[in-house]
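Here's the structure, in structure tokens; my notes come after.
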Amino acid sequence: MQHAVASQPDPGIPETQSPPRPLRLIQLTDSHLFADAAGRLLGLNTRRTFESVLALALDGDTPADAVVMTGDLVQDETAEGYAYLARELEATGLPCFCIPGNHDRRALMEQWLGAAAMGPVADNRIDGWHLIFLDSTLPGEDGGRLTARQVHHLDTLLERDPDRHCLIFLHQHPVPIGSAWLDTMGLANGAQLLAVCDRHPQLKSLIFGHIHQAFAQHQGHYQILGTPSTCFQFRPGSQGFALDDRPPGYRELCLHPDGQLTTRVVRLPAYPEPLSLDASGY
Ligand SMILES: [Fe+2]
């Protein structure tokens with residue numbers, strides 16, 4: 001049975017009249033969920049950490065306007081895992097946009113998340129902002145790459161809408177993050193993506209998951225942003241696989257009508273249960 005998230009992002013979020021506050025987008029990433037509600041990865045029940053982070057994101061004084069999930073949604077790539085995620089997202093009552101990561105199965109995403117499954121290149125307009133979603137995954141590979149057709153499509157979308165402030169979301173990191181083992185599995189043609197981004201001044205940020213840690217870098221007129229996972233974290237700067245004891249979290253993106261972007265990473269106060277810090281892989 002097809003099970004779509006209630007608030008469909010297509011044909012678009014209704015445009016509001018002169019919003020009195022910035023739009024508040026919540027980015028959740030790398031949830032690594034399982035079919036089994038008791039499923040664990042590196043000591044963590046990933047459904048529990050996901051639910052804790054989602055609750056934290058929705059609990060603020062300012063309501064959220066939309067949720068973006070940037071891949072590695074379901075670790076065991078099962079229908080039950082996506083069905084669970086669809087129920088959780090539906091319960092938020094918010095428009096949701098999901099792109100795949102290297103731990104995902106696109107056909108199952110489309111089946112269970114419906115129009116919330118975005119890509120290979122998809123976009124949505126919300127007030128004065130343009131959100132673009134790229135599927136950067138390669139079957140069977142941890143690293144990613146955009147096809148020439150995707151790069152061209154992105155360039156065309158940006159060229160046709162030069163006055164709308166823009167955010168681009170993808171899974172793999174398009175620039176090195178200073179962690180040798182993760183930098184072998186980034187976006188292989190990141191330079192090509194950045195060359196397109198550099199040409200379009202309305203772009204405010206390029207935002208990704210995959211690295212399980214916070215990252216921020218300025219690139220000309222836009223920011224390049226990475227976001228902690230909702231479950232385990234990788235240690236920044238580590239040359240080999242290493243876990244980090246900073247707790248799970250999410251990224252808040254506040255989109256102001258004048259094109260200003262303000263953002264922050266928000267974390268749980270602690271891991272909800274002990275992380276297997278001495279693990280050598282997952
Ligand atoms: Fe991941």
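Given the structure is predicted, the values throughout are model-derived calculations rather than measurements. Order of listing sets the numbers, starting from 1, for every ligand and every atom in it. In what follows, residues are counted from 1 in the order of the sequence shown. Hydrogens, waters and symmetry mates are skipped; everything else that's a heavy atom, side chains included, is used.
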Next on the checklist: Restricting to N, O or S, what is the name of the atom of Asp72 that lies nearest the Fe ion (ligand 1)?
Outcome noted: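 Minimum-distance N/O/S atom of Asp72 relative to the Fe ion (ligand 1) is OD2.
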Next on the checklist: Report the atom name of the nearest N/O/S atom of Asp30 relative to the Fe ion (ligand 1).
Outcome noted: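 Answer by atom name: OD2.
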Checklist entry - What angle, to the nearest 10°, do the atoms NE2 (His32) and NE2 (His212) form about the Fe ion (ligand 1)? => result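 The two atoms subtend 90° at the Fe ion (ligand 1).
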Next on the checklist: Classify the ring geometry of Tyr84 against Phe50: parallel below 30°, tilted from 30° to 60°, perpendicular beyond 60°.
Outcome noted: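 Correct class here is perpendicular.
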Item to check | Separation between CD1 of Ile168 and CG of Asp123, rounded to the nearest 0.5 Å | outcome: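 The CD1 atom of Ile168 sits 10.5 Å away from the CG atom of Asp123.
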Checklist entry - What about the rings of His130 and His200, do their centers lie closer together than 6.0 Å? => result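 That pair fails the under 6.0 Å test.
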Next on the checklist: Taking atom NE2 as the centre, does His221 end up with more than 12 heavy-atom neighbours from other residues, nucleotides or ligands that are less than 6.0 angstrom away?
Outcome noted: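 Count over threshold, so yes.
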